[in-house]
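Quick note: residue numbers are just sequence positions, from 1. Quantities reported herein were computed from a predicted structural model and do not represent experimental measurements.
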Amino acid sequence: MVRFKNRYVLCEVLSDDPRCRQCIEDRAVGLAVRDAIGRVHGDYGLACCSISFTVKYLNAYTGTVLLRCRKDSYRLLCSALPFVRCLESRAQRYPCALNTLHVGGTIRTCQKFLIRYNRRQLLMLLQNCTNEEERQSIRKSLLSCSLTEEQSQSGDEEDDDGTE
């Protein structure tokens, strides 16, 4: 049996309109990318990329998209991504652009890259703070996110210890 190798392309949706990120759907992203491939590479490129092309992951809040395609045709996909100019969702068009962040062989490598990328973005956000109040509010929000997870886990452990 032959194993088909895939490539995973990690992208972010860049848009000036904040409503765009909240309204995007995986079907809209897939159609926009297929349309761009067809415009740039014609029927041949569209046929090559459509064999195993799927949108594997979409986070509407962060604008992160993970696309899967065949290893042979990932260059066609990557070269067509800058030509995506808008996404259609719910009969409205939102102007946007897709920025390629990483190309990997597995979903796990893309996840690891995304974690490193988000950490760098948070550090840059902290460095660009103009005053101490902004810096403290960002630190507080970051710590509150991680502490609530730890508190809920430690609360579960205490309940387990008390019942035994």
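- Taking a 6.0 Å sphere around CZ of Arg93, one finds it holds 12 or fewer heavy atoms contributed by other residues, nucleotides or ligands.
- Applying the ring pair (Phe, Tyr, Trp, His ring centres under 6.0 Å) test to pairs two or more places apart or on separate chains, none has a residue in residues 64-98.
- Pairing each heavy atom of Leu81 with each of Cys11, the nearest pair is CD1-SG, 3.5 Å.
- The line from OG1 of Thr62 to CG of Leu114 is 7.0 Å long, rounded to the nearest 0.5 Å.
- Ser52 and Cys69 make their closest contact through OG-C, 3.7 Å (heavy atoms, listed as atom of the first residue, atom of the second, distance).
- Of the N and O atoms on the side chains of Gln92 and Glu88, not one donor lies less than 3.5 Å from an acceptor on the other residue.
- Of the inter-residue distances, the one linking Ile107 atom CD1 with Lys112 atom NZ reads 13.5 Å to the nearest 0.5 angstrom.
- Residues Tyr8 and Arg68 come closest through the heavy atom pair CE2-CG, 3.5 Å.
- With a 4.5 Å cut-off on side-chain heavy atoms, Val55 and Leu66 do not count as touching.
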Requested in this report: Evaluate the side-chain contact (heavy atoms from CB on, under 4.5 Å) criterion for residues Asn99 and Leu101: first the C-alpha distance (whole Å), next the side-chain angles of each, then the deciding distance (0.1 Å), finally the verdict.
Outcome: CA-CA 6 Å; Asn99 182 24; Leu101 298 176; 3.9 Å; yes
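- Looking at Ser15, its side chain does come within 3.5 Å of a backbone N or O of Pro95 through a donor-acceptor pair.
- The backbone N or O of Glu132 lies less than 3.5 Å from no partner atom in the side chain of Gln136, so there is not a single donor-acceptor pair.
- The two residues Arg34 and Phe53 make their nearest non-hydrogen contact at NH2-O, 3.3 Å.
- Residue Lys56 comes nearest to Thr54 through the heavy atom pair CD-OG1, 3.4 Å, listed as atom of the first residue, atom of the second, then distance.
- No donor-acceptor pair closer than 3.5 Å links the side chain of Arg108 to the backbone N or O of Gly105.
- The 12-atom threshold is exceeded at CG of Asn131, counting heavy atoms of other residues, nucleotides or ligands nearer than 6.0 Å.
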Requested in this report: List the steps and the verdict of side-chain contact (heavy atoms from CB on, under 4.5 Å) for Leu14 and Cys96.
Outcome: CA-CA 5 Å; Leu14 302 174; Cys96 68; over 6 Å; no
Requested in this report: Please lay out, stage by stage, how Leu10 and Val103 fare under the test side-chain contact (heavy atoms from CB on, under 4.5 Å).
Outcome: CA-CA 6 Å; Leu10 183 67; Val103 178; over 6 Å; no
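- For the pair Leu58 and Asp26, the tightest heavy-atom approach, listed with the atom from each and the gap, is CD2-N, 3.3 Å.
- The line from CZ of Arg116 to NE2 of His102 is 7.0 Å long, rounded to the nearest 0.5 Å.
- Remark: side-chain polar atoms of Ser50 are not paired, donor with acceptor, to backbone N or O of Ala47 under 3.5 angstrom.
- Side-chain N or O atoms of Thr64 include none that pairs as donor or acceptor with a backbone N or O of Asn59 at under 3.5 Å.
- Here the side chain of Asp35 pairs no donor or acceptor atom with the backbone of Leu31 at under 3.5 angstrom.
- Ser73 contributes no side-chain N or O that, together with a main-chain N or O of Leu76, makes up a donor-acceptor pair within less than 3.5 Å.
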Query - Intermediate values then yes/no, side-chain contact (heavy atoms from CB on, under 4.5 Å), Val13 and Leu98 - result: CA-CA 5 Å; Val13 178; Leu98 290 179; 3.6 Å; yes
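- In the hydrophobic clustering (ILVMFWY side chains linked at under 4.5 Å, chained through shared members), Ile115 stands by itself.
- To the nearest 0.5 angstrom, Arg7 atom CZ is 12.5 Å from Leu77 atom CG.
- Heavy atoms of other residues, nucleotides or ligands lying less than 6.0 angstrom from CZ of Arg120 number more than 12.
- Stacking of Arg70 on the aromatic ring of Phe4 is recorded, both the 6.0 Å distance cut-off and the 45° axial limit being met.
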